[in-house]
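These numbers come from a predicted model, not from an experiment.
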Amino acid sequence: MKPIIDGHNDLPMQLRARYGYSVAGLDETTRPELQTDLPRLRAGGVGAQFWSAYVPSDLAEPEAVVATLEQVDAIYRLTAAYPEDFAMAFTADDVERAWAGGKIASLIGLEGGHSLATSLGVLRMFARLGVRYVTLTHNNHTSWADSAAEEPRLDGLNDAGRAVVREMQRLGVLVDLAHVATATMHAALDVAVAPVIFSHSGVRALNDHRRNVPDDVLTRLRDNGGVLQLTFVAPFVSPRARDWFAAAGAEWRRLGLPAADEDWPRAPFPGEDPASVPAWPSSVPWGHPGFASWLAANPRPIVTVAEVADHVTHARDVAGIDHIGLGGDFDGTTELPAGLDDVSGYPRLFDELSSRGWSSTDLDKLASENMLRVLRESEKAASEPLWPRP
C-alpha cells in the first residue's frame with residue numbers, strides 16, 4: 001500500500017492546550033491522552049500529514065491571526081524537532097522527496113477563514129509561510145462565507161468570499177469546504193477553476209449531519225477534479241452516534257452543566273477573556289459527575305470501522321475512485337470508531353475495504369495518489385510559486 005496522506009490532524013492544538021507547545025516526547029508513545037506520535041504514525045502507514053493550524057472561530061479576527069501564526073510556528077518546530085522523521089512539504093514533489101528519504105511529510109492546513117481577518121494580504125502571507133489549504137469557515141460564519149454550524153446568512157458566499165476563493169486558487173492554496181454550509185459548497189464550486197477538497201467530512205446520504213457532503217456536491221466534486229477526505233469522527237459517521245450526541249447535549253443543557261470547550265481543556269488565546277474558557281477538565285467529554293446517571297442509562301453507541309468503510313465506499317460510488325481520500329481528525333475529537341482510536345488504525349480500514357473487493361490500485365488512490373494529483377493540479381493552476389524551498 002502507498003503511504004497515506006491524511007488531510008487533518010489537530011495535534012498542534014493539543015500541544016498548545018496540554019504542553020505549552022512543547023514538542024518533546026513525540027518519538028515515544030508515552031502520552032495516552034494524545035492520539036498522535038511518531039511510533040503510531042509509522043504503524044499507521046502515514047506518509048504525509050496536513051497538520052491543522054486551528055484557533056476558535058469566535059475569537060476576534062486580529063487575535064485569531066496572531067494565534068494562528070503561533071500554530072503555524074508550532075508545526076515548523078514539531079517538524080524541526082525530529083529531522084530524521086519529519087520534513088516540511090509545500091508541493092507534491094516535496095511529499096515524494098520526503099518519502100524517498102524515509103520521512104513523513106509535514107503540510108499545513110489553516111482551519112477557518114476567520115484566521116484571514118478578511119484580508120487577501122494575510123492570505124498571501126500565510127501562503128508564503130507554506131499553508132496549503134484554508135478551510136473557508138469553522139463553526140461560525142465569517143463576514144464572507146456561511147458555516148454549516150449556523151443558520152445561513154449569505155446564501156453561501158458574498159463577493160468578498162468569491163474573491164477569497166479566486167485568490168486562493170491563484171496562489172495554489174487549496175479551497176477546503178469542510179465545515180461550510182451546503183450553499184457555500186456550491187458557491188465555491190461555481191467559482192473554482194482548480195480542484196477543491198474536503199479535508200475531513202463524511203457523506204450525508206449515510207448520515208444526515210450538517211458537516212457531511214450531499215450527493216449533488218459529490219457529483220460536482222467529481223467534475224471539479226477535487227477530493228473528499230473521509231473523516232472518522234463518530235457523530236459524522238453514524239446516525240446512532242449523531243442522535244446520541246444530540247440527546248446528550250440537550251440533557252447537558254437541561255441540567256445547566258458548564259459548557260465544554262471543544263474536546264479538550266486549554267489556555268486562553270491572545271485577546272480572549274480567560275473567564276470564558278472552562279476550567280474543569282473536558283478531555284473526557286460528558287465526564288461531569290452531574291451527568292453520570294443519564295450516561296449510565298444511555299450508553300454511548302459503538303461506531304465501527306465497517307461504518308467508516310461504508311462512507312468511503314459511497315463516496316467512491318458517487319464521486320468516483322479518483323476523488324476520495326482520508327482525513328481522520330485525530331486529536332481533534334475523542335469520539336472515534338472502535339479500532340480507529342489513534343493514527344495507528346488506518347490499516348484496519350484498508351483491511352476492511354480489501355475484504356470488500358477493493359483492488360490495490362484503488363487503495364493506493366485512496367491512500368495518497370488522489371491527493372498528490374490535486375496538489376499538482378493546484379500548483380499548475382497557480383500563477384506564482386510562493387512556497388519556501390528546502
| Residues two or more places apart in sequence or in another chain: which of them pass ring pair (Phe, Tyr, Trp, His ring centres under 6.0 Å) with Tyr19? | none
| query | Does any N or O in the side chain of Arg204 come within less than 3.5 Å of the main-chain N or O of Val213, such that one atom is a donor and the other an acceptor? | reply | no
| note | Contacts of Asp208 meeting salt bridge (Lys or Arg N to Asp or Glu O under 4.0 Å) (sequence neighbours excluded), chain-then-number -> none
| said: Over 60° means perpendicular and under 30° means parallel, so tell me whether His138 and His179 are parallel, tilted or perpendicular. | reply: tilted
| message | Less than 4.0 angstrom from a charged side-chain N to a carboxylate O is my criterion; do Glu251 and Arg254 meet it? | response | yes
| field | Residues which pass ring pair (Phe, Tyr, Trp, His ring centres under 6.0 Å) with His8, listed by chain and number, not counting sequence neighbours | value | His200
| query | Are there more than 12 heavy atoms of other residues, nucleotides or ligands under 6.0 Å from atom CG of Leu255? | reply | yes
| query | Short question: side chain of Thr135, backbone of Thr137 - any donor-acceptor pair under 3.5 Å? | reply | no
| said: Closer than 4.0 angstrom, basic N to acidic O: yes or no for Glu150 and Arg210? | reply: no
| task | Identify the two heavy atoms, one from Val312 and one from Leu326, that lie closest to each other, and give their separation to 0.1 Å. | result | CG2-CD2, 4.5 Å
| field | Contact summary for Ala105 and Ala98, nearest pair of heavy atoms | value | CB-CB, 4.0 Å
| query | Between Gln35 (side chain) and Thr333 (backbone), is there a donor-acceptor pair under 3.5 Å? | reply | yes
| said: Tell me whether Asp190 at atom CG has more than 12 heavy atoms from other residues, nucleotides or ligands lying less than 6.0 Å away. | reply: yes
| pair Glu63-Val66: side-chain heavy atoms closer than 4.5 Å | no
| said: Could you report the tightest heavy-atom contact between Ser57 and Asn140, atom names first, then the distance? | reply: OG-OD1, 2.6 Å
| query | Can a salt bridge be assigned to the pair Arg222 and Asp322 using a cut-off of 4.0 Å between side-chain N and carboxylate O? | reply | no
| said: Please determine whether a side-chain nitrogen of the Lys or Arg among Glu377 and Lys380 lies less than 4.0 Å from a carboxylate oxygen of the Asp or Glu. | reply: no
| field | Arg31: partners by salt bridge (Lys or Arg N to Asp or Glu O under 4.0 Å), with sequence neighbours left out | value | none
| field | Lys365 and Asp362 ion-paired at < 4.0 Å | value | no
| said: Suppose clustering is done on Ile, Leu, Val, Met, Phe, Trp and Tyr with side-chain heavy atoms closer than 4.5 Å. Which residues sit in the same group as Leu372? | reply: Ile5, Phe50, Val95, Trp99, Leu107, Tyr133, Leu174, Ile197, Val227, Met371, Val374, Leu375
Side-chain donor-acceptor pairs of residues 40-48 under 3.5 Å, sequence neighbours excluded:
from  : atom 1 : to     : atom 2 : distance (Å)
Arg40 : NE     : Asp37  : OD1    : 3.3
Arg40 : NE     : Asp37  : OD2    : 2.9
Arg40 : NH1    : Leu34  : O      : 3.3
Arg40 : NH1    : Asp342 : OD2    : 3.3
Arg40 : NH2    : Leu34  : O      : 3.1
Arg40 : NH2    : Asp37  : OD2    : 2.8
Arg42 : NH1    : Gly102 : O      : 3.1
Arg42 : NH2    : Asp85  : OD1    : 3.1
Arg42 : NH2    : Gly102 : O      : 3.0

| Considering all heavy atoms, the nearest Gln169-Val175 contact | CG-CG2, 4.0 Å
| task | Kindly say whether Asp215 contributes a backbone atom to a donor-acceptor pair with the side chain of Thr219 at under 3.5 angstrom? | result | yes
| request: Go through the steps for Phe232 and Val303 under the test side chain to side chain contact (heavy atoms under 4.5 Å, CB included), then give the verdict. | output: CA-CA 10 Å; Phe232 304 159; Val303 181; over 6 Å; no
| Lys103 side chain vs Pro83 backbone, donor-acceptor pair below 3.5 Å | yes
| request: With rounding to the nearest 0.5 Å, note down the distance linking CG in Leu189 to CG in Leu177. | output: 6.0 Å
| message | Test salt bridge (charged side-chain N to carboxylate O under 4.0 Å, His left out) on Arg240 and Glu307; report intermediate values, then the result. | response | CA-CA 11 Å; Arg240 294 175 297 108; Glu307 290 175 277; 3.0 Å; yes
| query | Does a salt bridge link Arg77 with Glu70, judged by any charged N lying under 4.0 Å from a carboxylate O? | reply | no
| So, the side chain of Asp176 versus the backbone of Leu136: is there a donor-acceptor pair under 3.5 Å, distance only? | no
| Got Ser360 and Leu363 here, is their nearest side-chain heavy-atom distance under 4.5 Å? | no
| field | Partner residues of Val191 under the side chain to side chain contact (heavy atoms under 4.5 Å, CB included) criterion, sequence neighbours left out | value | Arg162, Val165, Arg166
| Heavy-atom donor-acceptor pair, Asp331 side chain to Thr36 backbone, under 3.5 Å | yes
| field | Leu157 versus Ala145, closest heavy-atom pair with distance | value | CD2-CB, 3.6 Å
| query | Should Tyr76 and Trp51 count as side-chain neighbours, where that means a heavy-atom distance under 4.5 Å? | reply | no
| request: Determine, stepwise, if the pair Glu352 / Arg348 fulfils salt bridge (charged side-chain N to carboxylate O under 4.0 Å, His left out). | output: CA-CA 6 Å; Glu352 172 67 23; Arg348 297 185 186 96; over 6 Å; no
| Pairs involving residues 352-371, ordered by first then second residue, that meet ring-ring contact (aromatic ring centres under 6.0 Å, His included) (sequence neighbours left out) | none
| query | Can you name the residues that form a salt bridge (Lys or Arg N to Asp or Glu O under 4.0 Å) with Arg211, not counting sequence neighbours? | reply | none
| Looking only at atom types and distance, does a side-chain atom of Thr68 sit under 3.5 Å from a main-chain N or O of Ala64, one as donor and one as acceptor? | yes
| note | Here the gap from Ser199 atom OG to Leu110 atom CG, rounded to the nearest 0.5 Å, amounts to 11.0 Å
| request: Keeping to residues at least two apart or across chains, list the ring-ring contact (aromatic ring centres under 6.0 Å, His included) pairs with something in residues 150-172. | output: none
| request: Please check if the side chain of His311 supplies one atom and the backbone of Val203 the other of a donor-acceptor pair under 3.5 Å. | output: yes
| For Trp244 against Pro299, the heavy-atom pair lying closest together | NE1-O, 3.4 Å
| message | Holding to side chain to side chain contact (heavy atoms under 4.5 Å, CB included), I want the full list of residues that pass it with Ala117, two or more places apart in sequence or in another chain. | response | Glu61, Val65
| Sequence neighbours excluded, every pair satisfying ring-ring contact (aromatic ring centres under 6.0 Å, His included) that has a member inside residues 204-225 | His209-Phe236
| query | Are Phe330 and Tyr346 close enough that their ring centres sit under 6.0 Å apart? | reply | yes
| field | Heavy-atom donor-acceptor pair, Asn224 side chain to Ala194 backbone, under 3.5 Å | value | yes
| query | Taking side chain as C-beta onward, heavy atoms only, is Glu111 less than 4.5 Å from Asp10? | reply | yes
